[in-house]
**Q** 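I am attaching a structure below and will ask some questions about it afterwards.
Atoms within a ligand are numbered from 1 in the order they appear, just like the ligands themselves.
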Amino acid sequence: MISVAIDGPSGAGKSSLAKQLAAALGFIYVDTGAMYRSIGLYALRKGADLKDEVQVAALLPEISIRLAFENGEQHIYLNGEDVSLTIRQEQAGMAASAVAAHPAVRQYLLQLQRDLAKSHDLLMDGRDIGTVVLPDATVKIFLTASVEARAARRCLQLRQQGQPVDEEKVKADIEKRDWQDTHRDTAPLRQAEDAVLVDTSDMDLEQSFEALLAVIRRKAYGEEIG
Ligand code: DC
């Protein structure tokens with residue numbers, strides 16, 4: 001099985017790129033952020049204190065998460081409900097970042113993530129895929145971009161969705177999430193030693209796609225491109 005681990009901060013373009021790459025390679029794309037978002041959403045709905053590991057851990061036995069791949073697209077089911085769209089809300093992202101700091105939550109998702117890689121060629125994205133989940137991944141990529149570039153992309157996305165945009169708040173939210181993700185004790189966001197660093201600050205989506213595809217082809221198939 002071929003596994004491609006893509007880690008990096010939020011807003012670096014991981015999920016759009018991983019989706020396109022998976023389609024080009026014929027792999028499945030596993031978005032592990034969606035799993036943390038689903039747990040965050042459940043904890044929010046239950047009114048739990050997201051920072052309290054005991055409270056959040058007590059909810060885990062009530063949660064069943066299932067992934068389904070429909071036309072190559074990942075759908076995520078939380079106790080049978082398709083929450084693929086609901087979890088995209090900013091609130092669910094913040095809740096995900098908070099619950100993801102708890103070792104009990106990470107442990108709960110680890111086996112599910114590893115099992116997927118045993119049975120499929122895949123691209124998996126997240127924060128700790130190359131460092132913890134799939135330390136023997138065939139290809140490891142650390143995808144990043146400056147805070148400014150990521151904030152500009154997020155604002156554009158919001159405007160396209162017709163939503164109000166507060167640029168300062170968008171940037172502050174990204175900085176807050178980066179801090180939480182890189183400073184937690186368990187599986188913090190960091191580049192694996194054997195990961196290839198790709199900085200997309202000055203690249204558009206098309207250029208980023210080509211850069212990543214070249215890395216994957218070289219690492220997984222020994223191909224030299226261009
Ligand atoms: O990639 P995303 O924005 O959907 O992720 C949501 C949050 O989940 C992110 O702030 C950190 C957390 N996360 C994580 O800790 N580990 C992962 N493998 C994926 C996401």
**Q** Would a 4.5 Å heavy-atom cut-off, applied to side chains only, mark L67 and H75 as touching?
**A** no
**Q** Check this for me: E70, atom CD, are more than 12 non-hydrogen atoms of other residues, nucleotides or ligands nearer than 6.0 Å?
**A** yes
**Q** Which donor-acceptor pairs under 3.5 Å do side chains of residues 10-17 form with protein atoms, sequence neighbours excluded?
**A**
from: K14; atom 1: NZ; to: G8; atom 2: O; distance (Å): 2.8
from: K14; atom 1: NZ; to: P9; atom 2: O; distance (Å): 3.1

**Q** Tell me the ring pair (Phe, Tyr, Trp, His ring centres under 6.0 Å) pairs involving residues 94-125, sequence neighbours left out?
**A** none
**Q** Charged N to carboxylate O below 4.0 Å: is that the case for K140 and D125?
**A** no
**Q** Under a 4.0 Å heavy-atom cut-off, what residues line ligand 1?
**A** T32, G33, Y36, R37, A96, S97, A100, R106, G126, R127, D128, I129, R177, D181, R184
**Q** Enumerate the residue pairs fulfilling ring pair (Phe, Tyr, Trp, His ring centres under 6.0 Å) with a member in residues 19-43, sequence neighbours excluded, ordered by first and then second residue.
**A** none
